[in-house]
Amino acid sequence: MTSVTKTIANELLDLDAAHAAFERDGFLIVPNALEATQVLAVDAAFKTHLARHPEDWANFSESFITAPDVLPRTDAFDGVIENARMFALLERLIGPDLAFEELALMQRKPTDNVGELKGWHRDIIRAYERRHEIDAISVVYYLTDVGPDDHCFSIVPGTHGPGVDMRTDDVQPGMEFDALGAAGSAFVFHARCIHAGKLKLGSRERRTIHLYFGHAATPRTSEWTEIPQRLAERHDPRLPPKLYAKAATTASVDGVGRRPRDLPAGLSTAEQLIHVQRAANRRPEVAA
Ligand SMILES: O=C(O)CCC(=O)C(=O)O
């Protein structure tokens, strides 16, 4: 797998080659996608949010918590969505109708319990027979260094395209690529690619920001992130023209990004998310 990383780093010098590598593997690593000063500022905002708004965080397990709807409270992460270093690549992979969908903060804490809750899965739609409908690209920014002994994002290359018929149950040890990298790196992957969070004994705490981008005129792939007015009204010629078009989209894809309509009133976003993810994990590749 080392050779894959090497190839990607070289190919990224050239957008054509990066695009070809993404078509083949379904992922790319972009070192230094965030400047060091931005990493420090965003990481500080991450920790502040965690301390001040525990109610925004869905606690899935002792090692895994995530906050999917932080933008209405703070503009501290706007610069991550609007990271100019990534737009040429994303426009190449998605097209000129590139649109922002989702931003979630994720903390993976050290744990002795490495039994995985977020095992092998495809994002957005869990049903195997609907896998071709999955059409979004995720950018995961590392705010902490992720080395070989740390919890890491892990992916099975090519399972968005050449290996699209693979089922999550068919993943065997050794097929996967572990996404290691320094703080500031971005890991870009196709949401259709089979992936998981891999837990390691003795890991340091890992903090990441997970963004999703799709096409402006399609239904939303996620209703978990509200796109606030300040972003919807942004008119900045340096940004892709449709970046915040989905603030006005009401239709959504039938999948794990849809807020359930049948839950008791008054549940927070974090509580609703836990409900949906647990249901999907109970019925892997069957539930929407
Ligand atoms: O990075 C991780 O720990 C898991 C992330 C994941 O599964 C996802 O983004 O869908």
Side-chain angles (χ1 to χ4, degrees), residues 26-30 33 46 57-70 77 80 100-111 113-127 131 134-157 159-160 168 171 175-183 185-201 203-214 221-225 253 255-258 270 273-274 276-281 284-285 287-288:
F27 66 89
L28 293 166
I29 295 174
V30 183
F46 183 116
W57 292 77
N59 290 269
F60 285 102
S61 70
E62 62 171 34
S63 65
F64 177 22
I65 66 173
T66 184
D69 194 21
V70 300
F77 306 104
V80 179
F100 166 71
E101 286 276 4
E102 183 177 356
L103 181 147
L105 310 182
M106 189 183 290
Q107 184 193 36
R108 289 283 201 171
K109 294 185 243 185
T111 181
N113 178 11
V114 292
E116 181 51 67
L117 174 77
K118 223 171 179 196
W120 297 114
H121 64 282
R122 293 182 159 100
D123 283 339
I124 304 171
I125 297 170
R126 294 285 197 263
R131 64 199 179 284
I134 302 169
D135 190 12
I137 287 180
S138 179
V139 181
V140 182
Y141 287 102
Y142 296 4
L143 301 182
T144 54
D145 293 339
V146 178
D149 298 328
D150 295 315
H151 303 324
C152 69
F153 183 94
S154 192
I155 193 160
V156 184
T159 46
H160 68 308
T168 54
V171 178
M175 287 180 173
E176 77 277 29
F177 174 83
D178 287 348
L180 312 181
S185 306
F187 188 77
V188 182
F189 73 96
H190 197 297
R192 197 189 299 131
C193 244
I194 296 177
H195 61 276
K198 195 188 265 188
L199 298 183
K200 311 263 182 75
L201 279 176
S203 172
R204 297 171 287 188
E205 178 174 311
R206 189 192 67 164
R207 292 182 294 283
T208 44
I209 305 190
H210 298 241
L211 282 76
Y212 287 80
F213 296 90
T221 56
S222 172
E223 296 178 330
W224 298 111
T225 297
V253 173
V256 290
R258 182 178 278 177
L273 180 63
I274 288 180
V276 169
Q277 289 284 352
R278 291 231 160 107
N281 288 341
E285 294 210 324

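Atoms within each ligand, like the ligands themselves, are counted from 1 in listed order. We count residues from 1, following the sequence as given.
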State if Trp120 counts as touching ligand 1 under the rule of any non-hydrogen atom under 4.0 Å.
no
So if I count the atoms of ligand 1 from 1 in the order they appear, which ones are less than 4.0 Å from some heavy atom of Gly197?
2 (C), 3 (O), 4 (C)
Does Arg108 approach ligand 1 within less than 4.0 angstrom via side chain, backbone, both or neither, non-hydrogen atoms only?
side chain
Ion pair check, Lys200 and Asp149, cut-off under 4.0 Å
no
At a 4.0 Å threshold, what atoms of ligand 1 neighbour a non-hydrogen atom of Tyr212?
9 (O), 10 (O)
Do you know which of Leu201, Val146, Thr111, Thr208 makes side chain to side chain contact (heavy atoms under 4.5 Å, CB included) with His151?
Thr111
Give the contacting part of Thr208 toward ligand 1: side chain, backbone, both or neither, where contact means a heavy-atom distance below 4.0 Å.
neither
Qualifying residue, where the test is ring-ring contact (aromatic ring centres under 6.0 Å, His included) with Phe153 and the options are Phe189, Phe27, Phe177, Tyr142
Phe189
Which one of Val156, Ile134, Thr159, Asp123 satisfies the side chain to side chain contact (heavy atoms under 4.5 Å, CB included) criterion with Cys193?
Thr159
Which atoms of ligand 1 have any heavy atom of Asp123 under 4.0 Å away?
10 (O)
Verdict with supporting geometry, Arg204 and Thr144, side-chain contact (heavy atoms from CB on, under 4.5 Å)
CA-CA 9 Å; Arg204 297 171 287 188; Thr144 54; over 6 Å; no
Distance under 4.0 Å to a non-hydrogen atom of His210: what atoms of ligand 1 satisfy this?
1 (O), 5 (C), 9 (O)
Could you please spell out the steps behind the side-chain contact (heavy atoms from CB on, under 4.5 Å) verdict for His210 and Glu102?
CA-CA 8 Å; His210 298 241; Glu102 183 177 356; over 6 Å; no
Ignoring hydrogens, just give me the one of Gln107, Arg206, His121 whose non-hydrogen atom is nearest atom 2 (C) of ligand 1.
Arg206
